[in-house]
Amino acid sequence: MDKKVRVFDGQSRELIAVLEGHSKGIISFSWTSDGKLISGSWDGTAIVWDLTTHQIVHTLSGHENGVHVLGLSNGLVATTSTGESVNGKPANFRLRFWNVSSGQQIGDSISDHMGSIRAISGVPGIGGFATSSNDGTVILRSIDGVVIGTMYHPAQEDGSPPFVLDV
Amino acid sequence: MYVLFDLFSHLFRSAIHTDSGLDIVSGAEDGSVMVWSGTEKVQFIPHPSCVWCVMGLPNTGGDFLTGSHDGVLRLFSRNPDKYNSTSAVQAHLEFAMEVSAAKEQKRKGPTNEEIAKAPKWENRGALPGTSENQVMVFNDKGTMIAAQWNSGSWIMVGNVTGTGDGGSINGVYYDHVMPVEIETPNGLRNLNLGHNNGENPFDAAQRFIDQNELSQGYLQQIADWIIARSGQSAPTLGMDDSSTKMDVQSSYSAPKAFSFRSDGYFAYDDIPQTNKVYGKVVEFNGSMEGNNKLSDRNLELLSSLITVLENKSHYVTSEVSKEHIIAVLAMVNWDIDKLFPMFDLFRLIAVHPKGSSTLSSIPQLSVVINKIAKLSRQREAFTTASALTASKFLVNLFRNDELRNTVLRNNLLSQTVLDIVNTLVLHSSKLVRLAVSTFILNLSTVTSHYGLFSLRLSIEMMDSVFSNASQLLQYENDSVETIFRALKAVGTMKFNLESEMDIYSSRYNLSSILFATKDKWSNTGKMDEVVLSCLNEVSVLFP
C-alpha cells in the first residue's frame, strides 16, 4: 500500500495517471454523487479528486488516523476514523459528514462505535449506509447517520467481540 | 441460503459494496462472515481465517465474495443453479473441512516447526537486541525460551513450556495459552498468558498485566514477546507499509519516569566483579583463627554459591540451598570491618529466586537480621562498608514475594528491620541514607498491591515511612535521588491509603517540611524536572 492513487483506463488497462497528495497509505475509495473520486488514508485525511483534471478538489482533514470514505446519494460524503490513542487506549472513532463543494464538515461528528471503524458501505435498499467496527458490530444507519439498528457478530470463544473488518 | 460455489486462489483488496436492496454482508478478523437483511441476521458463515474484505456483486441476485487471510477468494451465492454444480459441491466440502481444521488448529500447541523457526540460542551473539528490555524467543536445544536484551546481552528469563496451546484461563478461552516462567520484580512466577489470533498484542499484554498485577512498564516487552512467539506482524488495528508505525501502537510505551503507580520493587542487584567477593573472603579468612576460620568445606560452598550468584542469566534455574546460606553465616562473628562480604552475599541471595525462597523458610534469616540490628545499635562500630551492604540487603528483602511476605508478616522480624532502618536514616554516608530512602519507598510500594498479594502495613511500618521521609527531606543536602525516593514514598502512601495517612502527615509536619524542601532546592538548579514535578505533586497531596 503506498500513498498514491493510480488511475487505469478500464478498456486498455493502461496507467493513465498517478495522483499524489496523501502522506500515508490509502485504505479506501468511493465516488461522490457527482462523479468525483474520494480516497481515504492513514494520514487522517480524505481527498476529493477531480478525475478529469487530476486535481485535488478538497482535502478533508482532522480525522483520527485511518479514514474510510463513502459518497452518499444526497451529495455529501461520509468519512469514518479508526481512532486515536488517549491515555494509551484507542478512542474517538468518529463518523463525519462533509459538503463536497465547500469542503466543510456538516453537523456534528457521531461517535457511537466503541472500537475503530473499519469499513463503511452504502445500503441502497434503505437509502442509507452501514459502518463496521472493531467493537464487533455493524451499525445500519439512515443517510443522516441516525442508527436504524445494530447488528452483532457472534462473540469469539473468549467472549470478546471480533473486529469486523469489512461490510 | 448462501453456499460457496467457486474458488479463486489469490487475494485482492477492493472497494466495498453491499448488495442491492437490504442485503448486507460483513466479515471479521475471527473469520466470521455474517449476512444480514436489514438488521436481521440471515446467515453465519465461519471462515478458516481472518476475513479481510467482503464484496457484494451487483446484478447477481445477491452473490458476494469474501477475501480471507489464507489467500483464498470465495464466491457465495443463493442461486441453486450456481451452487449445485459439481465443482461447487466439491468446493463446499473443501471449505467445510478447512473451517473445522482451523478450529482444531486453534487448540494445538506450539509446533516443533515453530520452535525450529526460532533463532538458535547459541547463535544469539549474531542477533543483538534493538532496544533495552526487548524480549525475544529462542530455540535452546529444542526448547523454546524467552530472553530479554539487557545491557548488551540476552538474559534468559524463562521457558515457554507446555505443549497445549488453546485453553482457558480463569474460565475464559484463548486461542493460545502459554504457561511461562517469568522473572518479575516480585520474583519468579509461573503465569499463564492467553491471547487470541488476530488480537492486538497490546490488548493481550495489558490483560496479562492487569490479571497478574505486573508492572505496567512491562507492556512493550510482553507485547513484543507475544508478537515474536506467535509470528504475527503488526497488530490488526490497521495494515500499513512498514515505514510508518501506527500512532496508537507507539503510544503503548512504558510510563514516564515519575508516577505513583508501582513500578515494582527496587533492588540492588548489580553483580560485583567476578572473583572480587571470593577474593575478599579468602583474604579476610587468612587473618581468622579458631572457629572463625572457614573450613575447606565452607570455602567450597561459598565458591559455588558465588558462582551461582554471579551468573544472572541462569537465575531462573540455579539453586541456592540451606547449606550455602549456613556457609555464609560462618562469617558472622568476623570483625565488623570484615563483615561486608557476608552482607553482600545476602544482598544477592535475596534477589535470587531460589535463594530468597530458601532464606525465607530458615532460621538463618533471623540470624542475619538480628546481627545487623545489633551492629546498628553500636553505631560507631558499624563501619560504612558493612552498614551499606547490610542496608542494601534490607532493601532487597522486598524483591521476591515469599521473602517479602515472610518478613512483613512476622512482627518480630519486621519490627527489628524497622528499628535498623530508623537508626540508619541519618547515617553519615549518603549511600546509606539513599538505601534507607529506597527501603521506605519499597515499603510504600506494598500499599500498591491488591488482591492476591495485598498485605496491610502495620502502624509501625506506616509511621516509619513518614518518620524517615520527613527526616530525609529535612536533612538530606547531598543526594537528590534520596529526596526523590522519599517523596515518592510518602506520595505513594497518600495516593493509596488516602485520609488514613493524615495522622502521620500531621505528626511529622509533612506539609511544612515539603514547603521548606521546595524552598531549599528549587533555586539550587540541582533538581531536575522530574523531581521538581514530583515535589509539586506531593505537596498538593499534603496541603
Side-chain angles (χ1 to χ4, degrees), chain A residues 1-3 23-25 27-31 42-44 64-66 68-70 82-91 115-116 118-126 129-130 132 134 136-140 148-167, chain B residues 13 15-34 36-41 44 46 50-56 66-67 106 166 168 172-175 194 196 198-200 202-203 206 219 236-241 244 246-253 255:
Chain A
M1 171 183 10
D2 69 9
K3 316 150 193 173
S23 57
K24 287 191 189 175
I27 52 178
S28 95
F29 277 125
S30 189
W31 298 98
W42 269 106
D43 66 8
E64 300 79 14
N65 289 310
H68 287 89
V69 295
L70 179 67
T82 56
E84 59 193 352
S85 155
V86 175
N87 293 330
K89 290 195 177 293
S116 297
R118 307 301 297 268
I120 178 171
S121 196
V123 182
I126 51 156
F129 60 97
S132 75
N134 279 1
T137 67
V138 174
I139 297 185
L140 188 57
I148 297 176
T150 304
M151 299 102 86
Y152 294 87
H153 267 249
Q156 299 181 89
E157 280 160 321
D158 68 349
S160 71
F163 298 174
V164 186
L165 303 176
D166 205 1
V167 67
Chain B
R13 289 178 172 280
I16 312 128
H17 305 281
T18 58
D19 202 348
S20 56
L22 291 171
D23 294 320
I24 298 172
V25 61
S26 57
E29 47 95 22
D30 65 347
S32 61
V33 167
M34 304 291 287
W36 319 85
S37 175
T39 57
E40 294 305 309
K41 179 158 71 172
F44 165 58
C50 170
V51 174
W52 288 105
C53 49
V54 297
M55 180 160 130
T66 62
K106 277 188 185 181
S168 56
V172 175
Y173 178 83
Y174 298 93
D175 293 335
N196 294 305
E199 178 176 27
N200 184 329
F202 289 92
D203 289 341
Q206 186 64 54
L219 185 68
T236 58
L237 258 181
M239 295 294 279
D240 205 345
D241 56 50
T244 56
M246 287 178 338
D247 294 352
V248 175
Q249 184 181 343
S250 65
S251 73
Y252 282 93
S253 55

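To find a chain, count down the sequence lines: A is the first, B the second, and so on, and within it residues start at 1. Values below: every heavy atom of this structure, side chains too, minus hydrogens, waters and symmetry copies. The structure displayed is predicted, hence computed values, not measured ones.
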Trainee: At what distance, to the nearest 0.5 angstrom, does OG of B/Ser37 lie from CE of A/Met151?
Mentor: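 The distance works out to 9.0 Å.
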
Trainee: Checking heavy atoms, do the side chain of A/Tyr152, its backbone, both or neither come under 4.5 Å from chain B?
Mentor: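 A/Tyr152 touches chain B through backbone heavy atoms alone.
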
Trainee: Are A/Val167 and B/Ile24 close enough that some pair of their side-chain heavy atoms sits under 4.5 Å apart?
Mentor: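 Answer yes - side chains close enough.
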
Trainee: Measure across B/Glu29 and A/Leu165 and return the closest heavy-atom pair with its distance rounded to 0.1 Å.
Mentor: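 In terms of heavy atoms, the two residues are closest at CB-CD1, 3.8 Å.
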
Trainee: Given 3.5 Å as the limit, does a donor-acceptor pair link the side chain of A/Asp166 with the main chain of B/Gly27, or not?
Mentor: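 Flag not set: sc A/Asp166 to bb B/Gly27 has no pair under 3.5 Å.
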
Trainee: With sequence neighbours excluded, tell me which residues meet side-chain hydrogen bond (donor to acceptor under 3.5 Å, both in side chains) with B/Thr66.
Mentor: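 So B/Thr66 forms a side-chain hydrogen bond (donor to acceptor under 3.5 Å, both in side chains) with B/His47.
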
